[in-house]
Structure formats: C-alpha cells, structure tokens
Amino acid sequence: MLDNEDFMLESSPRELTQNPLRKIWMPCKNGHIAQRRVCMTNCPTLIVTVGLPARGKTYISKKLTRYLNWIGVPTKEFNVGQYRRECLKIYKSFEFFRPDNEEGLKIRRQCAMAALNDVRQYLSVEGGQVAVFDATNTTRERRGTIIKFAEQNGFKVFFVESVCEDPDVIAQNIVQVKLGSPDYIHCNTEEAIEDFMKRIKCYESSYQPLDEVLDRDLSYIKIMDVGRRYLVNRVLDHIQSRIVYYLMNIHITPRSIYLCRHGESDLNIKGRIGGDSGLSARGTEFAKSLRKFIQDQNIKDLKVWTSQMKRTIQTAECLGVPYEQWKSLNEIDAGVCEEMMYEEIQEHYPLEFALRDQDKYRYRYPKGESYEDLVQRLEPVIMELERQENILVVCHQAVMRCLLAYFLDKTADELPYLKCPLHTVLKLTPMAYGCKVESVYLGVDAVNTHRDRPERM
Amino acid sequence: NVKLMWRFMSRESCHSVAPHCSNQMKILASVPQFCNSPTMIVMVGLPARGKTYISKKLTRYLNWIGVPTKMFNVGQYRREAVKIYKNFEFFKPDNEEAMRIRKACAAAALKDVTAYFTKEQGQVAVFDATNTTRERRAIIISFAKEKGYKVFFVESICDDPEIIAENIRQVKFGSPDYVDRDIDEAMEDFIQRIDCYRASYMPIDDERDRKLSYIKIFDVGNRYLVNQVQDHIQSRIVYYLMNIHVTPRSIYLSRHGESELNLLGRIGGDSGLSPRGQKYANALATFIKGQNIRDLKVWTSHMKRTIQTAEALGVQYEQWKALNEIDAGVCEEMTYEEIQENYPEEFALRDQDKYRYRYPKGESYEDLVHRLEPVIMELERQENVLVICHQAIMRCLLAYFLDKPADELPYLRCPLHTVLKLTPIAYGCKVESFFLNIEAVNTHRERPVNVDINRNPEEALQTVPDHI
C-alpha cells in the first residue's frame, strides 16, 4: 500500500466514466484502481496438500479449485500423480513407490519438478492467482523444496494436510476413486485394493506430518478425521481465511441437492423478465407434481429453501412442509428492464441488449445486477449448501444457472447459457470427484424461457 | 394484510412458514433458522487471557447479524455478591467461604441464562468465566444437556508475559476491583490472582474431551484447534473468531462529499459531487495526510459520488458493490415530499419500523446488514482503513462498532462532511468526530411524532430536512 510519501494532492479531479458493460465507474486515463470486489491476494498463493494416499487430497484439491474459480479467483490444480502417469505410461505395481526404488524416486522427483514448473508458468505468466499442488508431500524435505521454490518466485504457501486413521473411511475412499483410476484399469477389485494398501505402506515409514513445534512458522490447516477436528496455524491473508472457512464447512456425508425453478409464472407466459408475479395455472400444476415427486423420492430430513419472491414461495407452499426464505435466492435484478419483454428491451435499450449478448456474465443491467453480482450474493448460499445434507432449492433461472455452474464446474463463459427449463428438477448427487446429475421433467407444459447465445454480435 | 406480510419477511434464511397457516402467513420462527436449540458459548481460560474481550466482541457481532445474544459475566455476579474486593486471597483455592460464593454466583448466572432463553427469546448466551476445571465444565455440560441447549467452548491459551501484562494494563486497572489501588499494587495482586487458578487449571483435553465442541485459541490467534463444529452458528462463530485480531489500528468512516441529488433533497440515485462535495473531497485528502496513517487502505462503493471522493485522495482504492447505498426501489431519486404524495402508506410504515421496513422493489436496513457482513468480516481482518460510503451504510457499520441495537441504528447521526475515527480500546471503541468545515445540507430525518398511516401530510413531513 502507498504510504504518505506517495500521496499526490490532485487540484483537479480525474474525470469518471462508467464502463458501459459492467456499469463500473473508472477514471478516464489509465488509473490504478482495483475493480475487483476485493483484492484477495497481492502475491499468488500456492496451496500444498500433505497426506498419505487415500486421505482425500485430490478430492479436496478439486473441490477447492472449483470453489475458488466460481467465486472469481483463477485457480488451477496440479496433480503430480498425473505427471507420473504421463511419464511412466504403464503402472506395474506398488513396487514403484518403494522407498528404496531409486529409479522410481528419480522419476517422482522429476515429475514434482515438472509440476512446479507448470505452477510457475500458471501463476507468474498466465495470471493465475492460486495453484493447488496435489501430491503426498509427506516428507519435510519435499516440503522444504516447495517452500524454497515459492520463496524464489514470490508465492505465498499454505499447506492443507489431511490426517485420517479410520480404516472404514480409507477403504471407502479406495473403492470410490482408486479402483477406477488409470493405474488399476487392468486389475480386478481385490488385486487393486491389495496393491494400493501396499502402496500406502511405502509412504508410511517416511511420513513426517506437519509438526506443531517444528513447523510453527508455516501457514497450514490440518484436517483430522474428515473434518471432526482442525488445527489452523498462521492464516496470513483474506484468501487463506476464506479457504479455511470453506474447508471447515464441507463434508462427505452422502446426500442429494435438488434444484428447480418456481412453477411457470404469469409473467413467464407473457414473455416478460423479472417482476414478482404469481404462478399460472400450469405453474400450480407443477407445484403439485413437485409435491408428488418429492414424496416418491422418500428423502430423509429434506430441507426446502425458496427466494422471497411470490412464485417460489407459492411453489413451496404446495409441498406441505416447512421452508426457509432467502433473499439471496431472488432472481437477478434487471434494473430498468424489469418486467420488459426482450422485444421491448431491443426497442428501448438496443445498446444494452447488444452489450449483454457480448458478455452476458459481466453485463450489469442499468440499476440492476450482473451474473457476476449474483455469484457474489449466492456465495453464502453455497457455503450453507455445503454444510447441509438433503435439500431442495426452489429458485429462478439465473440463480439456478449460478448454483449449477458451481456444482458442475462450469466456466463464467458457459454459466449464463446453462439450460434450466421450467418444470424440471435437477437432482445432484456428489460422487467420486464430481457430481452426478439426474434431470427429471415433471410432465407439465411450460413456456421456454431460454435464450441461446446469438451467433452474430 | 398478506401484501405487507410478504415484504416484512425480509430477513434471509430465517422465516420458516408453515403452509397450513398460509392464509395468515403465520411465521413460525422469527429468529434466524440457523439456531434451532439455543446455544451456550462457554469461555475457558486463566484470567487476563482475553475471555471477556472475546465474549463482548462476539456478543456484539452476533446481535448485529440478528442473532439475539447476551453475555453473562460471572465476575459481575461476584462483584454484586461481595461488594468490596479486598485482594487476591478471595481466589485462593483453599478459601472455602469464597468458593461457596463463587459457586453460587456461577449458579445464579446459569439461572439467568435459562431465563434469557425461555422468557426473552435469546438464541445465544455467552458464559464468561474462567471455567478452568473439568468439574466446573461438567456442571455446565450437564445443565445444558438437561435443558436441551447446545454447548460450544472457547478456550484462550496464552503464555506470552508481554501480552498478559498489556492485557492487565488495558482492562484490569480500570476494573471496579482495582479502582482504589495504584498501578503496581494492582499488577502484583492480579498476578497472584492468576496464580490461584494456575494449579487447578485443566485445559480442554484433545483426547478426553474429543466429543465436545470447541475452539482453542493459542497466542491471540496464531493458532487454532477446532473440534466437532455442530451447526451453522458455531461455524460462523469459528470463522469470526479466526478473523479478529488485537493489533492497534483505526477505522475511518465517512460519507461521500455532498452530491447533486443531496442538494435537491432527493434520495438514492447515482449522481456526482456538488461543488461543495468536491471541496470536501479535497479537505478529506488533507485531513488524511495530516493523520499520518501507516498503510491506509481506502474502500468505496460502486457509486459515482464515493468514487469521486476517493479520487481526490490520490491513492489506490477498492470498490465494493456491497457498500452501495440502500436501494430505495420505487422511491429512488424522490424527495420525501414526493414519497408522501405518491406512497403515503409506505412512508408511514417506514416510520413505524425503519429497521425492518423494505422499500417496494428495494431494500431494508435489515437487508443492508446482511449484505455488509462480509465487509465487516474483512474490516476485522484489516488494520488501518478508510471507508467512504453512504448514510444508511455508515449507520449500519457504526452500529456494529458501537454496539447500537436495531431500533437505534436507522437514526444514528452520520452527517455529510464529517469523518468518524474509530479506535478499538479496552472492551469497546473510542470515537472521534471530525467535521471538515465544508458546509453541506442536512440529510438526517428524525422519526416524526405521528407514524399512523392515517396521519396528514404535515405530520409526515414534519422532520424532513431543508433542501432546494
């Protein structure tokens, strides 16, 4: 930050113009302002996983990467196992990982270096903000190498260690993600499990967990027993604080998230966007079908959330169960275009209409919001969704697109064009490293509200 | 009146509506749904470890975000029971008489906790005492279990003698216990007081207490151990505790300079600065330079008037959409006279409950608090910050720092062209107000006497400040 010596007293203020797409006020000449909501990181951050195999490091890496990208922090993961597979082509057996296998050690060291090189490329050249270095990193020596690398390049380091001794959790882990790994594609289940257990053993003798005393100057979180307990040391900045908060809220208890829009509304039928109208007759039909669908699903302890707009509340009312209203789930605010038809927007605001098609994610309606704004206001909803178990969210088209993009790891570019038709429930079930999606159309007709990306700009 | 009820349910995630009551829109729970059973937060730690500091701050934060919370300081109960504090001998572990009194005080406090939960709709009670023995904690756990309260322990561990000494200087010397003592006497007595607890101190144990929910804070936030977080509110508490710090710093709050719409008595909008507003921006720059602040961060909203104000400072600033002025919906850019003419009922409803009232297609103060929460969290993390914002926003932020309740918040005075400097001190916040000597219109509207929807226009407009 600039200190007093750098203060310049301007006698004539710089002119401000409003960026037509994002509606952000900026000085006319090339100014030095931060347009982001908050400067999360001054220097890039290297997140380094630590832990024996089958402790959830890759699960955490992928999930964290997905979350950070969704909230707008460019993040990429670097899985050293991938590099090893590219180098080795064929995985024979656990013997590759034996601590006395010098050839193996050499290759593994090279792979780690190659990955770090790519990290440097991503953070220093390609504009990445966070890199997640996913490997066992179980020795103090290996971690020392990484720390030195980070120091040389001006990256902050944050360790995420996963410690778990529960044999059931580890077995479950292996079944979910290891059996399907390219390493075991030609093995049967028993062979694979046996080999993997021996692989874990290869690391155990040299494993030096992060130490409360020896590593007291490092920044890290130690996750114990899949989130029962956490040790957090020296959180340095905002992004590390957000990462810690996120990691402390996620869980792996099996559950499903149901997403749907409100039933068809009166304004939907008229082709008008926004507003706060009630359900049409068909919308009410849908609500009743939704009730039946939910009952048939036989869901344990289902929570139901709606926005504070009439059409989602009316939909939830038909379910006959308690529901919670979230203002954050309200549809995108179309500002001056509220309750207009697209034809009217084209007629009254042709420039705005064109700008929106140019960059639908960042485009902010005059006196309204952008998809980018939506993501920001939905972040607490996502955080609470992570904490919850079975849940049905009755929301709106733009909101549902944002939530879906989070769960399915869609980019900002794709997000505003995700298909979320009326009268269709999406059932998301976390599985392995991703999310299974089942789409159920409840058989009640409705208008189509989806506008594809136009071809000609 | 269903239409009105719809808009009054403005608090996110907190109203569970039973469908069979849809005709009357009966609200089952008018407190945030994220605490179903009440929660007891139980402090643990030797004296001078920051327990009361944490208790007060946490209570202030939870109340501000809308979770009714109250603090129960057992030391207070002891002072009421014992009237005059002689010396540390009261706390000696072999002082049976004193032990009896102290146990009775803890019991009295627990009784008041029950009353708070059952009669006053409290959601969280912060039980502030040393609670340094397993025995005492077992009593509390058993009490909570019997009543159906959740328990979350917050233990503060610190062995840095400098921090402890600073602590004693900051808050103990001013304590009623030491009001007639000189500093050295007080320091010596307090140190012996700490020693009385030390022998019997049993910190929360990682093994034996693995089923308990707790956070251990080491060395004022260097390190944390978090165990078995049960629910949303505990997760929020942990996040908050992990973001606060005790490094000395100041927070400067100011509104944008006077705007063109301010001059016309119109609310909201996105207008630029008036000539006087521009003068203020320059005066602010001079003021800030004169304050000689180390590493000052400057934040603005996304609205032209705050950005223009920041531009005059000649330093980097960050724009936060969350700092935008309250959205007055259909009333944007109206004068109060026009609102009275076009929406007299809305105008009256607003005066009836200015905190919860939401403008049609707009926001309420309650909504503002919700959207400002990440700003507050980041302010806690930061050190020296200048926030250039708006009237309603500044009222919300000020209410957080000065612990003002919801009914006072919308009437806090935040005049134009005045900088408030907040400096955390002891258990609270020192406020210094600097009017930078540039005239501006008054935008503060007091609550009128008559708030009935049938009042006449003169009564409604009684308190509107002057404008062009």
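All chains are named by letter (A, B, ...) in the order of the sequence lines, taking the proteins before the strands, and each is independently numbered beginning at 1.
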>> Counting heavy-atom pairs under 4.5 Å with chain A, which one of B/Asp327, B/Ile215, B/Leu225, B/Leu323 comes out on top?
In response: B/Leu225

> Contact part of A/Asn249 toward chain B, heavy-atom cut-off under 4.5 Å: side chain, backbone, both or neither?
Replying inline: side chain

> So do B/Met242 and A/Tyr245 actually touch side chain to side chain, heavy atoms under 4.5 Å?
Replying inline: no

> Checking heavy atoms, do the side chain of A/Val304, its backbone, both or neither come under 4.5 Å from chain B?
Replying inline: neither

> What residue, out of A/Glu338, A/Glu379, A/Arg387, has the most heavy-atom pairs lying under 4.5 Å from chain B?
Replying inline: A/Arg387

> Which residue, B/Thr306, B/Thr300, B/Asp270, forms the side chain to side chain donor-acceptor pair (under 3.5 Å) with A/Trp25?
Replying inline: B/Asp270

> Pick one: which of A/Lys23, A/Arg364, A/Gln376, A/Arg377 meets side chain to side chain donor-acceptor pair (under 3.5 Å) with A/Glu369?
Replying inline: A/Arg377

>> Sub-4.5 Å heavy-atom contacts with chain B: which residues of residues 213-231 of chain A show up?
In response: A/Met224, A/Arg228, A/Arg229, A/Tyr230, A/Leu231

> Where does B/Met377 contact chain A at under 4.5 Å (heavy atoms): side chain, backbone, both or neither?
Replying inline: neither

> What residue, out of A/Leu329, A/Val381, A/Asp373, has the most heavy-atom pairs lying under 4.5 Å from chain B?
Replying inline: A/Asp373

>> Can you tell whether the side chains of B/Lys361 and A/Glu339 come within less than 4.0 Å, N to carboxylate O?
In response: yes

> Is A/Glu317 paired with A/Lys310 through a side-chain N to carboxylate O contact shorter than 4.0 Å?
Replying inline: no

> Can you list every pair that meets salt bridge (charged side-chain N to carboxylate O under 4.0 Å, His left out) and has a residue in residues 211-228 of chain B, with sequence neighbours left out?
Replying inline: A/Glu212-B/Arg223, B/Glu155-B/Lys216

> In terms of the angle between their ring planes, are B/Tyr252 and B/Phe287 parallel, tilted or perpendicular, with boundaries placed at 30° and 60°?
Replying inline: perpendicular

>> Working to the nearest 0.5 angstrom, can you tell me the gap between B/Gln278 CD and B/Glu258 CD?
In response: 12.0 Å

> Under a 4.5 Å heavy-atom cut-off, does chain A meet the side chain of B/Gln230, its backbone, both or neither?
Replying inline: backbone

>> Less than 4.5 Å to any heavy atom of chain A: does that hold for the side chain of B/Tyr240, its backbone, both, or neither?
In response: neither

> Under a 4.5 Å heavy-atom cut-off, does chain B meet the side chain of A/Gln18, its backbone, both or neither?
Replying inline: side chain

> Looking at residues at least two apart in the chain, or sitting in another chain, which of them share a side-chain contact (heavy atoms from CB on, under 4.5 Å) with B/Glu260?
Replying inline: B/Leu263, B/Ser271, B/Ser274, B/Pro275

>> Going by side chain to side chain donor-acceptor pair (under 3.5 Å), name the residues that satisfy it together with B/Gln228, two or more places apart in sequence or in a different chain.
In response: none

> Do B/Glu366 and B/Tyr357 come within less than 4.5 Å of each other through their side chains, counting heavy atoms only?
Replying inline: no

> Tell me, side chain or backbone of B/Asn243 under 4.5 Å from chain A's heavy atoms, or both, or neither?
Replying inline: side chain

